[in-house]
Amino acid sequence: MMEGRCAAESWAEFGLLGKSGTPLVKCGTGTDVFICTGGEEVYVFTAQEKTLRAVLQMPAAVRDVVVSHDEQLLFVACWSGVYCVNVQLLVPRDQSFSHDAGSGPTELKISTECLVAVADRVSSLLVVGSVLLTLCRTDASWSLTLYQIQRTSQSDPCDLLASFSLPLVSPKVQSDTESRCVLVCVYPGNLMPASSPPHPPRSHYPLQPLLFRRLFGAEAALSKSPVVLCGLPDGRLSFLPLRIPGSRLRILHSLEQSVVFVGASAVMETDAGCAGCLIALGKQGRAVLIRAGRAGLEGGGGTRFTLGCVPGPVECACMDQSRVYYSTGSDLLMVDLWDGSSGTAGRQGDKEDEASRSNPAAFLTPISLNVSGVVALHQPTYSSAGEVQLLSLSVRGRLQSIRLPVRTQEDSLSKRPSSQVGRSVGDILSAIGDICERASVLKTIIRSKNQILKQLNQVMNISFLLSNRSESDLKPVRCRGSVRWSRLLQRDSLNLTCVLENLSPFILERGWTLSVTVLPLSCPLEAGGEASSVNYSFPFSGLGPEESVEVSLPVAAAGDASFPVTVTFSLLFSLWRFLGQEEATAPLDLQSACFSLPLNTLTVDWLDALRLSDPPAPARSSSSPADLLQGFISSRQLRCRGGGQASRPEEYSARVRVSSELLRDALGLAPGSPRVSLLEWLLSEGCGGVKMERKGIKTDGSSSVICGSAPDNATVKLTAEEVNVEEKTKPLVTVEVQVKSSSVAAVCGLHHAVMRRIQTLLQKAGSSRVVPTADLRLALQQAEEQRGQVWEASSVGVSSGQTPPLLLRVYQQLRDGPLLIL
């Protein structure tokens with residue numbers, strides 16, 4: 001598999017290993033290496049100069065060491081707690097000075113002042129960003145504690161963030177409890193911390209997003225949370241997501257023997273950049289490879305846990321992108337995860353995975369490197385020629401460099417059987433096919449997301465366009481309406497046809513709904529005096545610029561006197577409807593997924609709901625004897641039915657006077673009689689913006705008459721005639737509009753509708769005519785008298801039966817003597 005043989009070179013001697021601590025060889029800052037021999041010392045060795053730079057004397061036996069991400073702080077775990085040392089203290093003041101054989105290393109004695117975290121029986125350390133993690137064993141559980149690293153001073157204690165525990169297993173299952181635990185951190189994709197050094201330690205691994213999501217869940221993948229993996233002496237491999245609220249330690253797998261090593265590897269050449277496989281080794285040689293299964297078009301495949309074993313016992317291990325190096329004490333072995341002979345050549349298919357499960361001994365085939373006595377390994381490094389260099393610590397305390405020869409592709413292929421070479425080519429072609437299928441699926445997903453983003457951009461533009469205007473401005477998306485009476489199942493009803501117009505340059509895509517709210521401003525006393533609104537919703541989609549959509553809805557039924565009625569329009573946008581999800585599967589809280597944009601408001605009043613009819617024919621001056629006789633008989637019948645007297649209903653009226661000059665200026669009429677034009681304008685379009693088609697206005701020369709039925713089925717009559725009004729300065733020609741009906745509600749409603757329209761006319765005309773002071777005094781005096789009558793009608797001494805007639809008389813006086821609108 002390789003050219004030549006391994007070469008071992010001794011660099012330093014540190015004496016026999018201690019028994020109370022843990023032998024370690026870990027990378028430091030630059031080319032520095034931290035070495036622990038199991039005692040109370042931490043040696044700082046420079047690999048480039050091959051010299052010992054410093055010695056740290058700790059208060060107790062050392063269990064683990066770790067360097068912060070900015071390479072400024074060194075954390076040392078002892079049985080009594082965690083100590084912090086500034087790395088700058090280990091660097092000589094004269095950087096140009098080179099240690100020679102005669103110069104001794106810097107010796108630092110670490111006191112309890114450097115204690116930053118108090119914890120008993122600390123087993124392992126890990127630094128993730130600015131968080132320090134410690135794993136300790138208590139009497140009943142394993143405790144994983146998180147601390148906030150202080151940057152101000154090395155002597156400041158770390159702040160406790162959180163603590164998580166995992167109960168101990170049964171003593172029969174619990175193996176070597178004094179063995180060192182394993183702590184590593186994995187990330188989704190290449191999302192390493194921003195503060196990571198250029199060459200992060202091998203305790204941090206980027207995983208393929210698919211494998212990360214299947215192992216730790218979609219929530220951890222979406223939040224891009226780092227996940228800490230804990231390998232325990234009892235064989236359990238647990239994990240903890242750091243950024244998910246409410247997370248806890250959970251079990252991923254159990255090797256049923258002490259976990260010695262946890263790492264990640266790219267099991268195929270196509271996985272370069274992030275690892276596609278997690279591997280864990282047990283003390284007795286049991287191993288597990290965790291990979292994501294083949295993903296089909298719909299993303300299936302699951303997670304594959306491939307079990308196997310290697311010759312043990314495993315004392316220590318390390319790995320690079322594709323190979324695992326481990327020591328049994330008597331030999332140093334290598335397992336190539338990309339080599340077909342080792343049983344894990346990328347993708348061997350489901351049949352071979354099943355075979356490896358049934359025959360674990362045939363799983364991993366190691367290669368001997370012929371180096372014995374290794375108890376600790378440093379992560380592999382590479383020379384410019386491709387040589388692999390391992391730093392190891394032997395059982396006799398010797399630091400040695402192990403160089404592996406360059407591996408060539410020809411050597412690899414020459415030692416493979418032809419069947420394995422053909423199978424490797426087939427695996428590569430199969431992987432290419434899978435990647436093409438996944439790329440096609442991802443392309444479709446990206447295209448769909450881009451389309452959704454474009455449509456959401458349209459939604460944002462429409463929202464800004466409608467919300468950035470005042471109420472008086474005409475909005476580019478608005479509704480106009482028209483009313484008409486219709487008859488269905490022998491019942492008349494007033495229907496409103498609403499036309500939603502899109503005058504904006506944007507498209508209203510799916511997810512929009514036109515909401516219409518109908519609210520009567522008044523209601524009969526029989527209904528309790530409270531008006532209730534009715535809401536209508538009309539979903540629509542694909543309303544482009546200069547397009548419109550038409551909807552119809554009932555406003556009132558025949559006999560209903562709840563007028564005027566306001567019709568409010570608004571646009572509702574639902575994110576769930578936009579995404580195409582059913583409302584039944586949507587969450588209960590939809591307020592954050594919906595918003596409303598108000599449009600405009602229309603008003604349907606009595607004039608809009610008026611049903612016109614032809615006026616009665618005028619009485620003829622000469623009648624035939626037959627007509628006179630028929631009239632006499634009809635009058636006698638009415639008197640007989642009424643008990644000898646003709647019973648005619650009482651008729652109410654209200655009048656409005658408007659200056660003819662004002663009407664001509666406001667309506668833009670030619671000189672002449674404006675009475676017909678006034679009635680046509682009153683019935684064509686009101687101030688509420690609702691239109692209704694009308695028949696022609698009947699005139700008799702000096703007046704115009706409109707007859708019809710009110711919504712409460714009462715007969716009404718509108719008359720417009722010219723009246724000369726005498727003033728002190730000069731006479732004025734006015735147009736008097738009179739409303740007559742036997743229904744008080746009809747007279748009040750029609751009078752209110754006429755006044756609202758004339759008020760709109762005055763706002764458009766902007767009349768500045770000055771009213772004489774004498775006329776204002778007279779009007780004020782009349783108002784004071786009528787106010788006194790109202791007080792009299794509402795006084796305590798007046799009976800309830802007398803109050804309505806008194807109030808009706810005051811109302812009639814106000815309407816019969818109107819002010820002149822100039």
(message) Can you classify the ring geometry of F573 versus F595 as parallel (below 30°), tilted (30 to 60°) or perpendicular (above 60°)?
(response) tilted
(message) Using only atom types and a distance under 3.5 Å, with no angle test, would you say the side chain of S448 pairs donor to acceptor with the backbone of T444?
(response) no
(message) Counting C-beta onward and ignoring hydrogens, is there a side-chain heavy-atom pair between V127 and H69 closer than 4.5 Å?
(response) yes
(request) Would you name the heavy atoms of F305 and L252 that are closest together and state the gap between them? (result) CE2-O, 4.1 Å
(request) Any chance you could measure W512, atom CH2, to S574, atom OG, to the nearest 0.5 Å? (result) 11.0 Å
(request) Kindly indicate whether the side chain of K443, heavy atoms from C-beta on, has any atom under 4.5 Å from the side chain of R447. (result) yes
Throw together a table of side-chain donor-acceptor distances under 3.5 angstrom for residues 534-551, partners on residues two or more places apart or in other chains.
from : atom 1 : to   : atom 2 : distance (Å)
N535 : OD1    : T517 : OG1    : 2.9
E547 : OE1    : G544 : N      : 2.8

(message) Please report the interatomic distance OG1(T566) to CG(L519), rounded to the nearest 0.5 Å.
(response) 4.5 Å
(request) To the nearest 0.5 angstrom, please state how far the CG atom of L599 sits from the CD atom of E501. (result) 11.5 Å
(message) Any heavy-atom pair between the side chains of L126 and H204 that's under 4.5 Å?
(response) yes
(message) To the nearest 0.5 Å, what is the distance between SG on C27 and CD on E71?
(response) 8.5 Å
(message) Do I149 and F75 have side chains that approach each other closer than 4.5 Å (heavy atoms only, starting at C-beta)?
(response) yes
(request) Could you tell me whether a side-chain N or O of S225 sits under 3.5 Å from a main-chain N or O of L242, the two making a donor and an acceptor? (result) yes
(message) To the closest 0.5 Å, what do you measure between CD1 (I435) and CG (L442)?
(response) 11.0 Å
(request) Could you walk me through whether L237 and L278 pass side chain to side chain contact (heavy atoms under 4.5 Å, CB included), step by step? (result) CA-CA 11 Å; L237 183 62; L278 274 177; over 6 Å; no
(request) Please test L553 against C498 for side chain to side chain contact (heavy atoms under 4.5 Å, CB included), starting from the C-alpha separation and ending with a verdict. (result) CA-CA 8 Å; L553 54 98; C498 308; 4.0 Å; yes
(request) Give, for atom CG of L215 and atom CZ of R213, the distance between the pair rounded to the nearest 0.5 Å. (result) 11.0 Å
(request) Give the minimum heavy-atom separation between C181 and W142, together with the two atoms involved. (result) SG-CZ3, 3.4 Å
(message) Ignoring hydrogens, what is the shortest heavy-atom contact between A609 and W485? Give both atom names and the distance.
(response) O-NE1, 3.0 Å
(request) Verify the distance criterion only: is there a donor paired with an acceptor across the side chains of D605 and T603 at less than 3.5 Å? (result) no
(request) Please report the closest heavy-atom contact between L183 and L135, naming both atoms and the distance. (result) CD1-CB, 4.0 Å
(request) For R480 and L602, work out which heavy atoms get closest and say how close. (result) C-CD1, 4.0 Å
(message) Show the nearest heavy-atom pair for residues I251 and S238, with the distance to one decimal.
(response) CD1-CB, 4.0 Å
(request) Check for a donor-acceptor pair, side chain of N450 on one end and backbone N or O of I446 on the other, with a separation under 3.5 Å. (result) yes
(message) Please determine whether the number of non-hydrogen atoms from other residues, nucleotides or ligands lying under 6.0 Å from atom CZ of R491 exceeds 12.
(response) no
(message) What I'd like to find out is whether the side chain of F563 reaches to under 4.5 Å of the side chain of V604, using heavy atoms alone.
(response) yes
(message) Any heavy-atom pair between the side chains of S203 and C185 that's under 4.5 Å?
(response) no
(request) Verify, without hydrogens or angle tests, whether R478 (side chain) and K475 (backbone) share a donor-acceptor contact under 3.5 angstrom. (result) yes
(message) Quick check: do P598 and T568 have side-chain heavy atoms less than 4.5 Å from each other?
(response) no
(message) Whether the side chain of R248 engages the backbone of F164 through a donor-acceptor N/O pair (distance < 3.5 Å, no angle test) should be reported.
(response) no
(request) Take I244 and F216, measure what side chain to side chain contact (heavy atoms under 4.5 Å, CB included) needs, and give me the verdict at the end. (result) CA-CA 11 Å; I244 299 179; F216 311 118; over 6 Å; no
(request) Answer whether the closest heavy-atom distance between the side chains of Q458 and K454 falls below 4.5 Å. (result) no
(message) Using side chain to side chain contact (heavy atoms under 4.5 Å, CB included), reason through L571 and L500 one step at a time and then give a plain yes or no.
(response) CA-CA 10 Å; L571 284 178; L500 176 64; 4.3 Å; yes
